[in-house]
Amino acid sequence: MAGKKHKTTTAPYILSAILIAVGKPFYFILSHIFIAIAFTFFVIIGIFKKKVFKNIKLPKLPHFTFNKRQRKIHKIVYPRFKFNLNIKKRFLFLLILSASTTVFAYFLVLKDLPSPSELTSRQIEVSTKIYDRNDNLLYTIYKDKNRTPVKLSKVPENVKLATLAAEDAEFYSHAGFSIKGMFRALSKNISEGRLQGGSTITQQLVKNALLSSEKTYVRKIRELILSVRVEMYYSKDEILEMYLNEVNYGGTTYGIQEASMHYFGKNVEDLNLSEAALLAGLPQSPTRYSPFGNNPELTFSRQREVLHLMKVNKFITSDEQGKAVTEGITFTANKQNILAPHFVMYVREKLIEEFGEEVVLKGGLTVKTTLDINIQKLAEKVAKEEIAKLKNLRVGNTGIIVLDPKTGETLAMVGSVDYFDTKNDGNVNVTTRLRQPGSSIKVVNYAEALSGGLTLASVIDDSSIAFNVAGQKPYIPKNYDGAYKGKITVRQALAQSRNIPAVKILASYGVSKMIDLGEKMGITTWKDRSRFGLSLTLGGGETKLLDLAQVYSVVANMGVKNEIKDITEVRNYQDKVLFKSDEVTNPQEKVLDPRVAFLLIDVLKDNIARSPAFGSNSMLVIPNHPEVAVKTGTSNDLRDNLTIGFNKDYLVAVWVGNNDGSSMSRIASGITGAAPIWNKIMRTLLTDKLSVAWDIPKGLVYKECFSRNEWFLEEKQLACPKIIEPAASIVNTQVSVQ
């Protein structure tokens, strides 16, 4: 099919030849008159069908009645008008209606409609630039259109067929638009309330090269009219050739030749079927389906979809489809002039979500972000150095987030050690992926407990306990070291990250309350509550590192939640502000009593209280900065290890593990793994900075209890209550064991 030559015997092409023969001015005038007449046709026949168009058999219109005897039209009823016209006034009415409709159609649709000949020229597009907080350029989107035009004769048949299957299987049989596609799009528009879809290859070429990308019905009408004219002006092969050289395949890569070179390092004529199908799937959403993007698995999902469409349209056989699906693909190294690549791609996706892909790719946006490139470079350097030291412990990757807890602004984001190492999924942003948080999530449990009556001086028995749940094996939590401490205070339990006390505390008030508070503080992944039980406080519920950073920022900001920010301002090339971050777009929300936040901070910075578990000179200590609070977490299967710590100015969250979920070996939380990375970054950030103590909120009392001084909420200072042991046999919640 792809090799079919343009036909010249059908009526549209005969008309095209005549119009071109008489010259472009006549072509322009005649085509506009023809379109205007067509625009008024159905209105006219509705009014004059009884007299002027006797042979046209149409059902009666419900808006008027016709009296044959008097030969008059009575009660021509429209929503707000009534007409009583006799036969002598019809032609005057026709003249006015026709002229009005023609003028309306011209100014609404036809005025300034481009000429198909303009497809041979290219308009300059303005690039989008992403900057850090200090106006350092991080990335330029489409600074230059990297395009090498290629003749259709050089394009292999499988590339043509894959493109047709993915975008417009009826291309060689329609006159610029697809009736089936239009009805499918119309159905979607009605059901979803938005304009989309239905575009042929010709329409896409017209939209990208001659029209704007605005989603309006007027633009779609202009696109449809111009597509028909383009079909009359050019052959099918010429249109397909222009499309293949015009379409975007991701980033600065335009045209099929440069796409082939960019992704596979080969000329287009050397592409095999598997590669052709992959490239054909990209134009639908170059960012979403890019093999160098954050979700490379979607690339191959789209490739398989294209191969399926090729088989459905009988372009290939089932055997060819099966072979192409299993055929291995080797990509070229994705080296780009880009700083903070994971952060830039994260911001780019958010921009596309907000403004649309066309605006981001061609709209000349200037985007100012919260990133500090100096902190970013520090985090990237430490990540590479420390992960290299952990190879013998089977640790392959790390994710790092640095925030300003006062504002929620992202200062650094390291999604993987090496973004360009696509062989090992280096382009995957692990800060946005689901991982088990281990004991780092205990801060939510203790925040809820301290809000509801528990005190840091309350005593709990760190001893064995079994929780019975109907239909399941008893849940018996274990401590990290396998030992028991007996009677200990809540301060000691949290500081030393004892598991059994944490589970007992959660059982005393219920899993649902921890989930409620966790979601308020920033967890977005605990939607299916039926999955979670008492092991939730030990990390049994997957979270994102970005969410955990949000949770800890609430504590660091004394209970006030600032949504994490990464974009502060967006302007277009005309310097019009499209977005500006302020208190309206990023409102502050108080989700935790500031006194409870202070109690948590006081424990997490207490090196004496945590020393029995971590030692007095662990990687959790920042010299000359006793105000730094920190918490670790490790999943039971050693797949995830985390350290999250903060002071008033910086919050650093670190994860280490493997992208494939395989276990690490001999990771000791607070000594190896995430802690050294966290320590190096935090220590460097605080070099030459003075230690600033935390402000004590009103309503707290410092008094003696059990032979040591402790902080109490003012209303709970009269006693040193012991926690009530949960009844192990009446736990009614489902337990999800790690």
Side-chain angles (χ1 to χ4, degrees), residues 122-148 204 207-209 212-215 245-256 258-259 261-263 279 281-296 298-299 331-371 373 376 410 413 415 419-420 422 427 429 432 565-581:
R122 292 292 182 267
Q123 296 180 353
I124 298 174
E125 297 174 359
V126 185
S127 60
T128 289
K129 294 180 173 62
I130 300 177
Y131 297 88
D132 83 337
R133 67 192 302 113
N134 297 313
D135 297 323
N136 295 299
L137 182 62
L138 300 177
Y139 186 52
T140 301
I141 303 175
Y142 304 122
K143 181 178 182 180
D144 299 301
K145 285 187 175 181
N146 189 14
R147 178 192 290 117
T148 302
Q204 292 180 54
K207 179 186 70 173
N208 292 332
S212 69
S213 59
E214 61 179 344
K215 293 186 177 182
N245 286 318
E246 173 69 24
V247 70
N248 173 252
Y249 289 88
T252 57
T253 305
Y254 279 75
I256 190 66
E258 282 302 326
M261 291 298 300
H262 177 66
Y263 292 107
L279 291 184
L282 296 180
Q284 186 180 93
S285 182
T287 298
R288 177 178 174 81
Y289 295 124
S290 172
F292 300 151
N294 287 338
N295 300 291
L298 295 179
T299 307
F331 295 105
T332 59
N334 180 29
K335 292 292 183 182
Q336 303 177 45
N337 185 19
I338 181 173
L339 300 177
H342 291 101
F343 176 78
V344 162
M345 293 306 171
Y346 176 74
V347 166
R348 177 172 163 164
E349 287 187 3
K350 294 186 75 171
L351 290 170
I352 289 173
E353 186 178 311
E354 178 66 25
F355 300 106
E357 191 149 19
E358 290 294 320
V359 173
V360 174
L361 305 185
K362 301 178 181 180
L365 303 181
T366 297
V367 184
K368 190 165 185 177
T369 70
T370 62
L371 191 97
I373 192 59
Q376 175 71 25
T410 305
M413 174 186 283
Y419 175 83
F420 300 105
T422 54
N427 51 322
N429 188 347
T432 63
K565 304 173 192 173
D566 33 64
I567 301 172
T568 56
E569 186 178 85
V570 179
R571 294 175 179 265
N572 65 13
Y573 70 98
Q574 296 171 325
D575 208 34
K576 179 182 178 182
V577 177
L578 304 181
F579 170 82
K580 192 173 182 65
S581 177

Undergrad: I want to check something: taking the side chain as every heavy atom from C-beta on, are F579 and L365 in contact at a cut-off of under 4.5 Å?
TA: no
Undergrad: For a quick test of reading the model, state the closest non-hydrogen atom pair linking V367 to V570 and the distance between them.
TA: CG1-CG2, 4.2 Å
Undergrad: To the nearest 0.5 Å, what is the distance between CD1 on I373 and CG on D135?
TA: 13.0 Å
Undergrad: Stepwise, does the side chain to side chain contact (heavy atoms under 4.5 Å, CB included) test hold for L298 with R288?
TA: CA-CA 7 Å; L298 295 179; R288 177 178 174 81; 3.9 Å; yes
Undergrad: How many angstroms lie between atom NZ of K580 and atom CG of L578, to the nearest 0.5 angstrom?
TA: 12.0 Å
Undergrad: To the nearest 0.5 Å, how far apart are NZ in K368 and OG in S581?
TA: 12.0 Å
Undergrad: For F343 and M413, which heavy atoms make the closest approach, and how far apart are they?
TA: CA-SD, 3.8 Å
Undergrad: Would you say N245's side chain and G255's backbone share a donor-acceptor pair under 3.5 angstrom?
TA: no
Undergrad: Check for a donor-acceptor pair, side chain of N572 on one end and backbone N or O of Q574 on the other, with a separation under 3.5 Å.
TA: yes
Undergrad: Could you state the interatomic distance from OG1 (T432) to CD (E349), rounded to the nearest 0.5 Å?
TA: 8.0 Å
Undergrad: Any donor-acceptor pair under 3.5 Å linking the side chain of T128 with the backbone of V360?
TA: yes
Undergrad: Measure across H262 and T332 and return the closest heavy-atom pair with its distance rounded to 0.1 Å.
TA: O-OG1, 2.7 Å
Undergrad: Do the side chains of K129 and L137 get nearer than 4.5 Å, heavy atoms only?
TA: yes
Undergrad: Are L351 and I567 side-chain neighbours, meaning at least one heavy-atom pair lies under 4.5 Å?
TA: yes
Undergrad: To the nearest 0.5 Å, what is the distance between CG on N295 and CE on M345?
TA: 12.5 Å
Undergrad: Do E357 and T287 come within less than 4.5 Å of each other through their side chains, counting heavy atoms only?
TA: yes
Undergrad: Between P283 and P286, what is the shortest heavy-atom contact and its length?
TA: O-CD, 3.6 Å
Undergrad: Is the shortest heavy-atom distance from the side chain of P296 to the side chain of N427 under 4.5 Å?
TA: yes
Undergrad: Is the shortest side-chain heavy-atom distance between L282 and P291 below 4.5 Å?
TA: yes
Undergrad: Report yes if the side chains of L339 and V344 come closer than 4.5 Å at any heavy-atom pair, otherwise no.
TA: no
Undergrad: Does any N or O in the side chain of T370 come within less than 3.5 Å of the main-chain N or O of T410, such that one atom is a donor and the other an acceptor?
TA: yes
Undergrad: Measuring only between side-chain heavy atoms, which start at C-beta, is L361 closer than 4.5 Å to R348?
TA: yes
Undergrad: Just to verify, which of F292, Y249, F331, Y289 counts as forming a ring pair (Phe, Tyr, Trp, His ring centres under 6.0 Å) with Y263?
TA: F292
Undergrad: Please determine which of N136, L138, L371 meets the side-chain contact (heavy atoms from CB on, under 4.5 Å) test together with Q376.
TA: L371
Undergrad: If I take atom CD from residue E258 and atom OG1 from residue T253, how far apart are they, to the nearest 0.5 angstrom?
TA: 7.0 Å
